[in-house]
Each structure stands twice: as C-alpha cells, then as structure tokens.
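Report on the following structure.
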2 protein chains.
Amino acid sequence: MEETATSTECTAEAADDAELAFNVFSKACPSRRTLEDVTGRWGSLTLGGLYEGSLRFNELRRRVDGVSEKMLSQTLHSLERDGLVHREAQPTNPPRVDYELTPLGRDVAERLLSLIHFLEGRMPAVLQAQQSYDAERGAL
Amino acid sequence: MEETATSTECTAEAADDAELAFNVFSKACPSRRTLEDVTGRWGSLTLGGLYEGSLRFNELRRRVDGVSEKMLSQTLHSLERDGLVHREAQPTNPPRVDYELTPLGRDVAERLLSLIHFLEGRMPAVLQAQQSYDAERGAL
DNA sequence: CAGCATCCGTGATGATACTG
DNA sequence: CAGTATCATCACGGATGCTG
C-alpha cells in the first residue's frame, strides 16, 4: 500500500515523533476517537466544568446545563477511560462520588478552556458574521 | 445584575464582560452552537486542515481523511457563516474555489491545534489508560 | 472540479422508569 | 445520591445521481 505526500502515518512505533505518529487527520488513528471524546458535545463542557475543582455527579450535571443523566454518565466513562478524569467513590450511604481531572485532564482542559474563553469573547463578531451571511442569503 | 456562583448569564448586553455574557455552559447561549461548529467532528479537522494555508475543496477533502463531500460542504458553510472561513470562488471553467481561514478563524484554529497536538503527543498515555480501564472491567 | 438534492440506515440523544 | 436499563426519535452522516 503506497502513501502519497498528504497521507498520514499512524503507528505507536515512531516514538521519536509521537505527534506525527498519531495524526488525527488520519481516519483510522485512535487519536481521532480521543479528540472526539474531548471535543464532543458534552466532553468539552464536562472537562471545562471540572477545571475549577472536583464535583459530585449532580453538581456537575447542574453545571453543564442541559446534559441528561445518561449522557453525563456516558461522557464521564469515556473521559475516565481516556485517563482524563478520576472517579472517587465513597461507599457511604447515601453514596458520594467525586469526579476530578487527572493531571493529564487538566492539561487538556486548559487548552480547551483557552478555546472556549476565546470564543465566548468573540461572540459579538461571530454573531455579526452570521447576520451578514444570513442577510446575503435571504436577499437572493 | 447579580450572579451567583453557578448561574450563567447569556446576553449581548454586558459588553464589559463578554466571556460571562456568552457563557457556553448555559444551554440557550449561542456560543454553545458556535463551540459545536468549531469542535464538532469535522469542524475541528477542517479548521486544522486550513491552518497551513488555503486549500481547494477536494484538496481539503483529501486532507481530512474520511470526510464525505456532503459533510465537508456542510461544515464549510457553518464555519463560513460563523466568520471563521473565507470562501473565494473564481468563475473559471473548471471552477476553482479556495477556502482559507479568516483572522478570527486563525486564532480559533491556533487554539484548536494546540489541543490537537497536545493530544497527539499524549496518545501513548491515553492508550495505556484505556488498556488499564478495559482490563479492570474485563476482569470483573 | 465543486458542489446540491435525495434517499435512507444507524447511532447518538433524551425521556422515563427502576435499582442500590 | 448516583447511577443503569429500556425505549422512541431524529438528526447525523454516507451513498448515489445530477448540474454548471
């Protein structure tokens, strides 16, 4: 199987250049799955929500406005599996479970929040662009 | 306007604190839609793919491995509407259309790529975490 | 080449009910 | 409280065919 210039390698071997080895632009690369876990609809908000400190399940649920129980649970499992979130369950009654970012998760969340905050700050410009776009389209 | 710790406002008014005004954690806030455009399955890869320079439709399609014509087209429209991508069509035959990031789009892509590259570099750790997680689960 | 229109499957998502 | 299980839906996304 030949590879042309734009193709992307994706192996765990080339340890000396991990960023190329796990290129997300390659369809089969596991890094793409992880990127989707992180940037997914609820993944980004969950990581962002946990950045300030550990939260219990329902605290987090209230923080991430609109997420269902099921989706939050599912998202947390994915993120825990990826090693980004740590789950601390205390066998008390009623049960108490705390979720917190791992060091790796914090690094990810930091970059995510940089994007989020930037976007929030530029929303006026985005909204204006949307209006221009819609106006031109509607006028046709 | 008083704010308690967890509540989130979402108006275009409070121009002095845009980041709070467009809080993405609020369900109804337009910033969440935009965040999804940017971090969505194809949005992030499209923005990342355009970071190095402008590309034609099919060039971009080859770069973002696995994206369908329809999804790329749709993604580009969303990003163009948000003011992140500029579409330059030349009325030649055969048609030539170039897509490039706007200044705003570049800023977004920069932050996105920071996240992507970090993730790519940490994939060994992520993969290992996944194996541990799966091993514990399978053993039960 | 650069798309749009259409059909259509399936997986993501949300609502509801139930458990420890 | 902290979830799991089940079901219904519906939008996402792929394949195909067509246009300029």
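Everything quoted here is computed from the prediction, not taken from an experiment. Labels below follow one simple rule: chain letters A, B, ... track the order of the sequence lines, proteins then strands, and each chain is numbered from 1.
In terms of phosphate contacts, A:His77 brings no side-chain nitrogen or oxygen within less than 4.0 Å of OP1 or OP2 of D:dG3. At D:dC1, none of the side-chain N or O atoms of A:Arg56 fall inside 4.0 Å of OP1 or OP2 (strictly under the cut-off).
Nucleotides of DNA chain C lying under 4.0 Å from heavy atoms of chain B occupy a range whose first and last members, 5' to 3', are C:dC1 to C:dC7.
Rounded to an integer number of Å, the gap from B:Trp42 CH2 to D:dC12 C1' is 11 Å. Taking atom CE of residue A:Met71 and atom P of nucleotide D:dT6, one finds them 15 Å apart after rounding to whole Å. Across the protein-nucleic acid pair, B:Glu36 atom CD and D:dA11 atom P stand 14 Å apart, rounded to whole Å. In this structure, B:Leu76 places its CG atom 14 Å from P of D:dG13, rounding to the nearest Å. We find that OH of A:Tyr99 is positioned 8 Å from C1' of D:dG3, with the value rounded to whole Å. As a whole-Å value, the separation of A:Arg87 CZ from D:dA2 P is 10 Å. Nucleotide D:dT4 holds its C1' atom 10 Å from the CZ atom of A:Phe57, rounded to whole Å. Between A:Leu72 atom CG and D:dC1 atom P the separation is 14 Å, expressed in whole Å.
Between A:Arg96 and B:Val67, the residue anchored closer to the 5' end of DNA chain D is A:Arg96, taking for each the nucleotide with the nearest heavy atom.
If you check every strand for non-hydrogen atoms under 4.0 Å, B:Arg61 touches nothing.
Remark: side-chain polar atoms of A:Asp65 are not paired, donor with acceptor, to backbone N or O of B:Ser26 under 3.5 angstrom. Looking only at distances, no side-chain donor or acceptor of B:Ser54 sits under 3.5 Å from a matching main-chain atom of B:Glu100. Formation of a donor-acceptor pair under 3.5 Å by the B:Ser31 side chain with backbone atoms of A:Glu120 is not found in this model. Side-chain N or O atoms of B:Ser73 include none that pairs as donor or acceptor with a backbone N or O of B:Glu69 at under 3.5 Å. Side chain of A:Arg56 to main chain of A:Asp98: no donor-acceptor pair is present (N/O by atom type, distance under 3.5 Å, no hydrogens or angles). For the pair B:Arg111 (side chain) and A:Arg111 (backbone), a donor-acceptor distance under 3.5 Å is absent.
Nearest heavy-atom pair, A:His86 versus A:Thr102, reported as atom, atom and distance to 0.1 Å: N-CG2, 3.9 Å.
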With the sugar-phosphate defined as primed atoms, P, OP1 and OP2, and the base as all remaining atoms, what B/S/- string results for nucleotides 15-20 of chain D, 5' to 3', for protein heavy atoms under 4.0 Å? B-B--B

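The structure places CD1 of B:Ile116 at 5.0 Å from CG of A:Leu35, a figure rounded to the nearest 0.5 Å.
By the 4.5 Å heavy-atom criterion applied to side chains, A:Leu119 and B:Val38 are counted as neighbours.
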